[in-house]
2 protein chains.
Amino acid sequence: MNIQKPNIPKGTRDFGAIEMARRNYIFSTIRSVFALYGFQQLETPSMELISTLMGKYGEEGDKLLFRIQNSGEKAAEAPEKGLRYDLTVPFARYVVQHREEIQFPFRRYQIQPVWRADRPQKGRYREFYQCDVDVIGTSSLVSELELIQIVEEVYRRFGMRVCLHINNRKVLAGIAEVIGEPDKMMDITVAIDKLDKIGLDNVNKELSERGLNEKAIAKLQPILALSGSNEDKLNTIAQVLAGSETGTKGVAELREIFDLCRTAEVKLNIELDLTLARGLNYYTGAIFEVKALDVQMGSITGGGRYDNLTGIFGMPDVSGVGISFGADRIYDCLTELNLYPESMMDSTQVLFVTFGEAELRYALSWAKELRTQGIRVEVYPEPAKMKKQMGYADAKLIPFVAIVGGNEMESNTVMLKDMASGTQEALTIEQLVATLKK
Amino acid sequence: MNIQKPNIPKGTRDFGAIEMARRNYIFSTIRSVFALYGFQQLETPSMELISTLMGKYGEEGDKLLFRIQNSGEKAAEAPEKGLRYDLTVPFARYVVQHREEIQFPFRRYQIQPVWRADRPQKGRYREFYQCDVDVIGTSSLVSELELIQIVEEVYRRFGMRVCLHINNRKVLAGIAEVIGEPDKMMDITVAIDKLDKIGLDNVNKELSERGLNEKAIAKLQPILALSGSNEDKLNTIAQVLAGSETGTKGVAELREIFDLCRTAEVKLNIELDLTLARGLNYYTGAIFEVKALDVQMGSITGGGRYDNLTGIFGMPDVSGVGISFGADRIYDCLTELNLYPESMMDSTQVLFVTFGEAELRYALSWAKELRTQGIRVEVYPEPAKMKKQMGYADAKLIPFVAIVGGNEMESNTVMLKDMASGTQEALTIEQLVATLKK
């Protein structure tokens, strides 16, 4: 037999018991908040037709698609397939394909892995989970409010302090418009982003190097000097954008969102942040990013409004808004901040340790009774040496061991050992249940 | 813009809200039973190195592997990858790769999709979930008992009547051995399987056609006439197999498993079934299959003991036993038997319906309060026509609608309509919470 050294493809991961318990905690917390807002779960296939995926993520994205072939099938026989690259395009495809069955506004969430043939590096994997939540079929800004409330509640449950950065694509477009450089939107946001690091003079120099004329740079100065509360900032921006219909609409949307947040008593830190642009081309209104306040980590949640996501599949002019929680980064934050609850692990509560066939059978009877009481029980499956069985309990961090010997069988008890304190006492089954249920 | 008709690859499926709720119910039921027995969750990557997968599923299996290519990567640069074909080979790979971190006996479960390029047909998909549970690193038959107990408890929770068919590979090998036809094991089981349909004479005729001589067929007669209780059957088999060491060992294992089931008061229907062979080559001891009693459906759960699963990865002679629950078939059974609990859906409990901006804001405040009480709430995001909003609640089967008009705002109430009965009454927020929590 040819012996192989076992390994997995680079950029992929195995998740053992502790990682799975943590990941399940993250997913179930997020899911239960989504459900409070009436979002329902959707799952789409891991593979989509390659025609569904190609051209949706830019030239760079196309190169990062994983393509799938059947081993036994000739290429010509089967349409090409690829692994899901994100959850947004499959969602758009689903909405159009099932438009007759769906109630609009359609509220769905989706928690599934996606695959990208990126170069693997620290924190970047080729298979990772996204947790997306979207409302599609309404342009009401109440949906933006709800997503902000969801962010607030999810991180409240995690016990993490975060700040939500908000911007609006119409505002960015308006700025580019009023300074007469509609194509320079990205250059402007990149420059604003450097303000803290390199100072105003250097930013202006860089803007000039990027091809903005003096007049444009002059017009930008109030934007660069933006400070104060979100309202102060909005007032300044509103003045600058007075001449742009799009920009003025963007300001009005932001004002409305802030107003809705006051109505719903949102306590989350929200910061109007003009440096926030987000790369994806399909955003048309509000855009969001969430950052952790107590950990150095990039954006842990992000999204925005789009007005034509479903157009490519033949259903134009459907407005929607969505955000995506980055499970891997949230995992790293919670680990660094040590925020996982103790009750999260559903691991074994008690291990039965025995030294003979009769004792083993006695333990099996007790285990059956405990399990009907909802207690998670293991019986060491063979009467091995004491040291081996205790070592197993130790290594698996099982908190209690129930030892069964001749004396215990005679008195219809077990000797329960508390692995943390080392204390032990003889207990009847009723006493054992009571102790373990504490 | 090039408009595409949206579609998905053949053999794959989208799962909407109801399907997801049902699937989650199945998975969470199975998971919570696994946890009661101290099994912990493992997840492995969707893609494995092609060298891990090839040659493990026979020639036919190799042809059903989906291979993966990076779009932007030259074939020579990257090692070949393939989509997971089952959960057993990745489990074996994991055990060997992580042998230093694992506590043996290692108890793990794994609930993940697998992919096979089978020809799609009714009930057969190219992407489907498996729910595997295994103990590896002990040959104790207590593990067989535990898997039987898990089967009993899972189907008890589902409310399904099932029968567990049990056999032992050593018994099958022993029968082939004592009749002098060690290579004819499969022919014999196929023939026994036809006994009910074609009768003893025809079975004997068929055995002869399959190349068994008269003496061999004569020796088989007690096996073909097998009847009575499991114990009666075992006694007959024991006599036939007295000359075979392997066969006698198999009988002893079966007796031991039945005895352990009595100790643990297993109430499940268990039937010793010599026609049960299971195709996979790696089984060496007990083999199981579970069939529904009230639905026509193939095997819904199956597995067995293997003695050398990890050998190919360089870790020989590790005995284990496992079973796999077929989620898709269980789904179909529960649907046909109408066994899904009502409480399974975590869908919206109440929809707020409003007719103006002020009412919408009033509803947002109420919704916030209800959600802090754990109630799942939607607010229709825009003040649309009554008919449209009520139609939305109807189509989504939302049980209650809270209508907000000028009167309600003045009296600090909402008008709660019970969508099933059509009755409605004005409620304060405390009354509303109490009603919805009922």
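Here the structure is a predicted model, which means the values were calculated and not measured. Below, all heavy atoms of this structure are taken into account, side chains as well, without hydrogens, waters or symmetry copies.
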Undergrad: Got B/Arg13 and A/Glu43 here, is their nearest side-chain heavy-atom distance under 4.5 Å?
TA: no
Undergrad: If every non-hydrogen atom of A/Glu48 is compared with every non-hydrogen atom of B/Pro9, which pair is closest and at what distance?
TA: C-CG, 3.7 Å
Undergrad: Tell me, for B/Thr372 versus chain A, whether the close heavy atoms (under 4.5 Å) come from the side chain, the backbone, both or neither.
TA: neither
Undergrad: So, do B/Gln97 and A/Asn7 sit near enough that their side-chain heavy atoms are less than 4.5 Å apart?
TA: yes
Undergrad: So which atom in B/Pro105 and which in A/Pro381 form the shortest heavy-atom distance, rounded to 0.1 Å?
TA: CG-CG, 3.8 Å
Undergrad: Rounded to the nearest 0.5 Å, what's the gap from CD on A/Gln69 to CG on B/Leu65? Could you check?
TA: 12.5 Å
Undergrad: Determine whether A/Arg93 and B/Asp14 make a side-chain contact, defined as any pair of heavy atoms from C-beta on separated by less than 4.5 Å.
TA: yes
Undergrad: Return the option, out of B/Leu370, B/Thr44, B/Val379, with the maximum number of heavy-atom pairs under 4.5 Å with chain A.
TA: B/Thr44
Undergrad: Name the member of A/Arg23, A/His98, A/Arg108 that forms the most heavy-atom pairs with chain B at distances under 4.5 Å.
TA: A/His98
Undergrad: With side chains defined as the heavy atoms from C-beta onward, is the minimum distance between A/Lys10 and B/Lys81 less than 4.5 Å?
TA: no
Undergrad: Can you tell me if A/Arg371 uses its side chain to pair, donor with acceptor, with the backbone of B/Leu36 under 3.5 Å?
TA: yes
Undergrad: Looking at side-chain heavy atoms only, is the closest gap between B/Phe313 and A/Lys5 below 4.5 Å?
TA: no
Undergrad: Would you compute the distance between atom OG1 of B/Thr52 and atom CD1 of A/Ile8 and round it to the nearest 0.5 angstrom?
TA: 9.5 Å
Undergrad: Would you mind checking which part of B/Arg31 comes under 4.5 Å of any heavy atom in chain A, side chain (CB onward), backbone (N, CA, C, O), both or neither?
TA: side chain
Undergrad: Distance check, rounded to the nearest 0.5 Å: A/Thr348 atom OG1 versus B/Phe39 atom CZ?
TA: 9.5 Å
Undergrad: If you count heavy-atom pairs within less than 4.5 Å of chain A, which of B/Arg116, B/Glu19, B/Gln149, B/Met20 leads?
TA: B/Met20
Undergrad: Do the side chain of A/Glu127 and the main chain of B/Ser46 share a donor and acceptor less than 3.5 angstrom apart?
TA: yes
Undergrad: With a 4.5 Å heavy-atom cut-off, do A/Arg376 and B/Tyr37 have their side chains touching?
TA: no
Undergrad: With a 4.5 Å cut-off on heavy-atom pairs, point out which of B/Tyr362, B/Trp366, B/Tyr94 contacts chain A the most.
TA: B/Tyr94
Undergrad: Looking only at heavy atoms and a cut-off of under 4.5 Å, which of B/Val377, B/Val96, B/Asp346 has the most pairs with chain A?
TA: B/Val377
Undergrad: Which heavy atom of B/Ile68 sits nearest a heavy atom of A/Phe66, and at what distance?
TA: CG2-CD2, 3.5 Å
Undergrad: Please say whether more than 12 non-hydrogen atoms of neighbouring residues, nucleotides or ligands are located less than 6.0 Å from CD in B/Glu59.
TA: no
Undergrad: With a 4.5 Å heavy-atom cut-off, do B/Thr138 and A/Glu382 have their side chains touching?
TA: yes
Undergrad: Using a cut-off of under 4.5 Å on heavy-atom pairs, state which of B/Ala17, B/Ser140, B/Pro45 scores highest against chain A.
TA: B/Pro45
Undergrad: Any ion pair linking B/Arg361 and A/Glu265 (charged N to carboxylate O, less than 4.0 Å)?
TA: no
Undergrad: Just give me the residue among B/Leu83, B/Asp259, B/Ile102, B/Val33 that pairs up with chain A most often, heavy atom to heavy atom, under 4.5 Å.
TA: B/Asp259
Undergrad: Considering non-hydrogen atoms only, spot the tightest contact between A/Tyr380 and B/Phe104 and give its length.
TA: OH-O, 4.3 Å
Undergrad: So what's closer than 4.5 Å to chain A heavy atoms on B/Leu145: side chain, backbone, both or neither?
TA: side chain
Undergrad: Heavy-atom distances under 4.5 Å only: say whether A/Leu141 touches chain B with side chain, backbone, both or neither.
TA: neither
Undergrad: Atom CG in B/Leu360, atom OG1 in A/Thr263: separation rounded to 0.5 Å?
TA: 9.0 Å
Undergrad: May I have the step-by-step check of side-chain contact (heavy atoms from CB on, under 4.5 Å) for B/Met47 and A/Thr12, ending in yes or no?
TA: CA-CA 8 Å; B/Met47 44 180 91; A/Thr12 69; 4.0 Å; yes
Undergrad: List the atom of A/Gln41, the atom of B/Asn24, and the distance in Å for their closest heavy-atom pair.
TA: OE1-ND2, 2.8 Å
Undergrad: Roughly how far, to the nearest 0.5 Å, is the CZ atom of A/Arg262 from the CG atom of B/Leu364?
TA: 14.0 Å
Undergrad: Please classify the contact of A/Ser32 with chain B as side chain, backbone, both or neither, using a heavy-atom distance under 4.5 Å.
TA: neither
Undergrad: Looking at B/Arg107 and A/Tyr392, what are the two nearest heavy atoms and their distance?
TA: CD-OH, 3.4 Å
